[in-house]
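A quick write-up on the structure given underneath.
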Protein chains: 4
Amino acid sequence: MTTMSGPGTVPARQRDPERTRQDILDVAVKEFAARGYSGARVDEIAAKTRTTKRMIYYYFGGKEQLYIAVLEHAYSVARDAERRIDVDLLDPVAAIRRLAELTFDHHESHPDFIKIVAGENINNAEFIAKSKALAELNTPAVSVAARILERGYASGVFRRRVDAVDLHMMVSAFCYFRMSNRHTFGAIFGRDMLDPGRRDHYRAMIGELITSYLTGDSGAAPAFS
Amino acid sequence: MTTMSGPGTVPARQRDPERTRQDILDVAVKEFAARGYSGARVDEIAAKTRTTKRMIYYYFGGKEQLYIAVLEHAYSVARDAERRIDVDLLDPVAAIRRLAELTFDHHESHPDFIKIVAGENINNAEFIAKSKALAELNTPAVSVAARILERGYASGVFRRRVDAVDLHMMVSAFCYFRMSNRHTFGAIFGRDMLDPGRRDHYRAMIGELITSYLTGDSGAAPAFS
Amino acid sequence: MTTMSGPGTVPARQRDPERTRQDILDVAVKEFAARGYSGARVDEIAAKTRTTKRMIYYYFGGKEQLYIAVLEHAYSVARDAERRIDVDLLDPVAAIRRLAELTFDHHESHPDFIKIVAGENINNAEFIAKSKALAELNTPAVSVAARILERGYASGVFRRRVDAVDLHMMVSAFCYFRMSNRHTFGAIFGRDMLDPGRRDHYRAMIGELITSYLTGDSGAAPAFS
Amino acid sequence: MTTMSGPGTVPARQRDPERTRQDILDVAVKEFAARGYSGARVDEIAAKTRTTKRMIYYYFGGKEQLYIAVLEHAYSVARDAERRIDVDLLDPVAAIRRLAELTFDHHESHPDFIKIVAGENINNAEFIAKSKALAELNTPAVSVAARILERGYASGVFRRRVDAVDLHMMVSAFCYFRMSNRHTFGAIFGRDMLDPGRRDHYRAMIGELITSYLTGDSGAAPAFS
DNA sequence: TATGAATGAGCTTTCATTCAT
DNA sequence: AATGAATGAAAGCTCATTCAT
């Protein structure tokens with residue numbers, strides 16, 4: 001399966017700039033997710049596109065810029081999803097459980113995003129640092145969590161003191177790990193964490209993990225439980 | 001930063017095969033961890049070695065085989081650490097907390113391993129599949145967890161029913177995520193999860209998270225807790 | 001004799017794909033003929049070309065594909081020459097002699113082709129097997145020979161029964177051997193089979209060899225000759 | 001199937017120099033025959049040997065010297081076979097036919113020799129030129145042919161004047177071509193010249209070809225034959 | 001007589017990128 | 001707005017050979 005575009009490649013010419021750009025971006029997301037930045041090939045991305053390799057340079061400037069565009073796209077999708085979260089009408093326990101479940105669902109439905117984030121971390125997020133757009137990421141999920149915590153402490157249902165960012169981290173860790181480490185975990189423990197039959201089991205689990213933590217005692221001295 | 005081992009580089013000739021092999025392996029672990037499989041360069045690995053690039057092919061056969069050797073090495077180190085765990089004398093709650101803390105410590109002290117695992121998952125653990133040695137990985141940590149759980153249910157301190165593998169997953173998720181996602185998490189939330197000043201905080205957190213979960217009720221209907 | 005197309009080599013840039021391709025092919029024919037498949041060097045071929053090594057990969061994909069292109073080219077040239085043979089107006093004896101001479105001439109004027117065929121046979125024609133184009137080679141020479149034989153048997157001038165393919169083989173063997181084994185034969189017998197002064201001698205010889213065979217008796221019992 | 005001998009290759013040590021030498025030579029004959037000089041690999045030859053690559057250098061000095069030893073060996077075997085020819089008691093026609101058949105048989109039973117000769121010719125017999133031993137090759141077959149011709153002309157059975165070397169060439173061409181070009185000929189004409197079922201057919205054919213030539217008229221004007 | 005370890009040089013191939021219209 | 005042709009630089013890998021005992 002040689003990818004190097006020799007002479008004579010005849011792509012379907014088109015005249016819709018925005019569509020061409022989006023086409024490239026969609027393919028790039030998948031390729032960068034599947035192979036990482038250095039593993040992805042400009043030739044391969046081009047081959048899976050309606051246009052040619054030349055257009056990638058025309059629209060994005062180069063591999064790195066295309067990757068950053070992918071990154072920005074991926075994060076903006078995630079942020080938009082978080083903005084749609086609305087749990088203010090639920091009681092704190094139900095709300096925090098709902099937040100955990102939405103986080104769970106979002107991870108589950110964005111496997112490419114997970115891989116891209118994993119790749120970014122391998123190279124120390126150096127590309128995120130290069131992106132102006134990504135520098136000003138706000139994170140709705142944490143504010144949502146903060147509001148729920150406030151209500152929970154006020155009503156007394158939450159007894160363990162925890163920072164909203166830490167709470168978000170605990171939830172994310174669980175949801176992310178299940179997606180990110182599916183293959184090594186599966187290879188070692190013979191258990192596919194993404195088995196659809198186990199989905200609800202894990203979805204409930206993160207809710208219980210987090211609510212049992214919050215409603216339990218804080219501090220070192222466990223009570224009579 | 002010269003990379004090509006061209007003429008002029010004078011490697012110290014040696015006659016210690018095992019040392020030469022280990023030298024290459026040690027450097028390779030760091031390079032593959034830092035840049036992933038496709039990002040790592042055989043030239044670069046060789047340059048950081050006492051020997052030459054040629055020796056990598058002499059001892060390992062190629063980039064891929066070297067990578068697999070790195071993988072096998074990394075996993076065998078992890079497995080050996082798990083084998084040394086001994087928490088049988090502690091009461092179940094203390095034991096499970098201790099297990100979580102050891103897992104935490106092991107993750108913290110093996111950042112290269114984390115990155116290699118992350119990279120492996122990006123390419124769907126295809127290299128692990130190619131390794132005969134890795135196919136027969138046993139995982140002491142889970143048996144340890146299983147024994148603790150058994151004792152905990154027997155004595156009644158653990159009330160929530162959970163599978164040992166799932167327990168291990170919850171703990172691992174937390175410990176792994178903190179290491180693996182340090183950079184993106186830090187960029188977005190402005191919080192360095194590896195800040196030494198926060199280390200004990202997080203170390204205690206995973207213990208509490210897991211013990212509050214186990215000692216809480218199981219099932220959907222929360223009792224009087 | 002510089003081989004590596006290193007920096008400093010300034011190739012004449014051109015925009016004529018077909019010419020570039022042909023240029024590479026022409027050089028490759030000579031190199032593969034002179035050194036065989038494994039003895040030929042992509043660097044050396046490139047150096048003798050108007051373009052660079054990179055273009056060989058751009059146009060042909062690799063050393064092996066280039067070699068197969070050379071093979072296809074060489075055989076198509078030979079086939080085209082055979083197609084131009086027209087001896088239908090000559091009497092059978094003159095016609096078969098003429099066919100032998102044309103075969104002789106064609107071998108003489110295509111020394112590269114002879115070497116390439118010799119090389120192919122050393123590796124059991126495995127590259128020919130890989131070529132789709134070569135799989136469907138038709139061979140006009142044999143049909144021509146068959147028609148001559150038919151006429152010769154009909155008129156009674158040919159008395160020895162022989163298969164057209166075998167006839168072609170006898171002629172080819174002589175013409176090919178003279179070209180292919182020039183060097184070892186010369187070294188051992190001190191006679192250069194390609195000495196221009198002997199050319200007509202050998203050219204006549206194959207004609208006589210073949211006509212004396214055909215006009216002689218067939219079978220084991222020699223007549224009055 | 002990697003051949004590069006990495007560390008740890010443990011060959012069976014032996015103490016029989018002559019046998020070791022012969023072992024290497026035998027393997028080398030096959031490898032050089034199968035792949036030509038540049039296609040053969042010292043590593044591969046060593047791997048198929050009872051000893052190690054190092055011994056090739058120890059006994060022969062290098063790839064080239066090994067190849068020349070192979071060449072000398074191959075030619076000395078051929079020469080020895082020719083020396084055993086004895087056809088003096090047969091009448092000239094039977095004798096020349098017998099000589100042709102022995103030549104045929106010798107080619108048939110030495111396929112490796114054929115390939116080595118073919119390879120030598122591709123590189124213009126430059127290695128033969130380097131060998132002192134091969135410079136002084138005498139060729140019994142031609143003297144045998146010369147003696148037969150003499151008797152044939154004396155008795156009048158041979159009417160066509162031909163030089164002994166040319167006669168040998170005609171016979172060799174047929175016998176050699178059948179072996180050397182088996183694969184390309186087979187690919188193009190769909191006929192395996194080495195098919196055992198056709199062996200006697202071809203063996204008789206060269207005898208008839210050559211006797212019909214010798215017993216026919218010489219010169220340009222064919223008589224009543 | 002024998003050998004395990006090591007290696008310089010060069011080979012084929014790949015990659016992101018730019019030229020020139 | 002779009003593109004076919006071309007490419008420098010470097011990557012992974014292989015080869016015959018020598019080192020050092």
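Chain letters run A, B, ... following the sequence lines, proteins first, then strands; residues in each count from 1.
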* Intra- and inter-strand pairs of DNA chain E in dot-bracket (Watson-Crick or G-U wobble, both distances under 3.5 Å; | for another strand) -> .||||||||||||||||||||
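Under 4.0 angstrom from either OP1 or OP2 of dA6(F) there lies at least one side-chain N or O belonging to Thr20(C). Using a 4.0 Å cut-off, some side-chain N or O of Tyr57(D) falls inside it from OP1 or OP2 of dT17(F). One finds no side-chain N or O of Arg41(B) lying less than 4.0 angstrom from the OP1 or OP2 phosphate oxygen of dA10(F).
Residue Lys63(C) contributes atom NZ, which lies 12 Å from atom C1' of dG10(E) at whole-angstrom precision. The separation between Glu64(A) atom CD and dT17(E) atom P is 8 Å, rounded to whole Å.
Taking the side-chain hydrogen bond (donor to acceptor under 3.5 Å, both in side chains) definition, one finds that Thr184(D) meets it with Asn121(C), sequence neighbours left out. Among residues two or more places apart in sequence or in another chain, the side-chain hydrogen bond (donor to acceptor under 3.5 Å, both in side chains) test is passed with Ser38(B) by Ser38(A). Listed by chain and number, the residues in a side chain to side chain contact (heavy atoms under 4.5 Å, CB included) with Phe113(C) are Ala74(C), Tyr75(C), Ala78(C), His110(C), Val117(C) (sequence neighbours excluded).
Nucleotides dA20(F) and dT1(E) are separated by 23 Å at their P atoms, to the nearest Å.
At the heavy-atom level, Ala46(A) lies nowhere under 4.0 Å from the strands shown.
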Cut-off 3.5 Å, no hydrogens considered: what does the side-chain donor-acceptor table look like for residues 24-33 of chain B, sequence neighbours left out?
| from | atom 1 | to | atom 2 | distance (Å) |
| --- | --- | --- | --- | --- |
| Asp26(B) | OD1 | Gln22(B) | NE2 | 3.0 |
| Glu31(B) | OE1 | Arg35(B) | NE | 3.0 |
| Glu31(B) | OE2 | Lys48(B) | NZ | 2.6 |

Using residues 64-73 of chain D as the side-chain source, report each donor-acceptor pair under 3.5 Å to any protein atom, sequence neighbours left out, with the distance given to one decimal.
| from | atom 1 | to | atom 2 | distance (Å) |
| --- | --- | --- | --- | --- |
| Glu64(D) | OE2 | Lys130(D) | NZ | 3.0 |
| Tyr67(D) | OH | Glu120(D) | OE1 | 2.9 |
| Glu72(D) | OE2 | Ser131(D) | OG | 2.7 |

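Looking at Arg54(B), its side chain comes within 3.5 Å of the base of dG8(E) through a donor and an acceptor atom.
DNA chain F is contacted by both Met55(C) and Gly62(B); Met55(C) maps to the nucleotide lying nearer its 5′ end (nearest heavy atom per residue).
Judged by the 6.0 Å distance and 45° axis criteria, Lys53(C) is not positioned over the aromatic ring of Tyr58(C).
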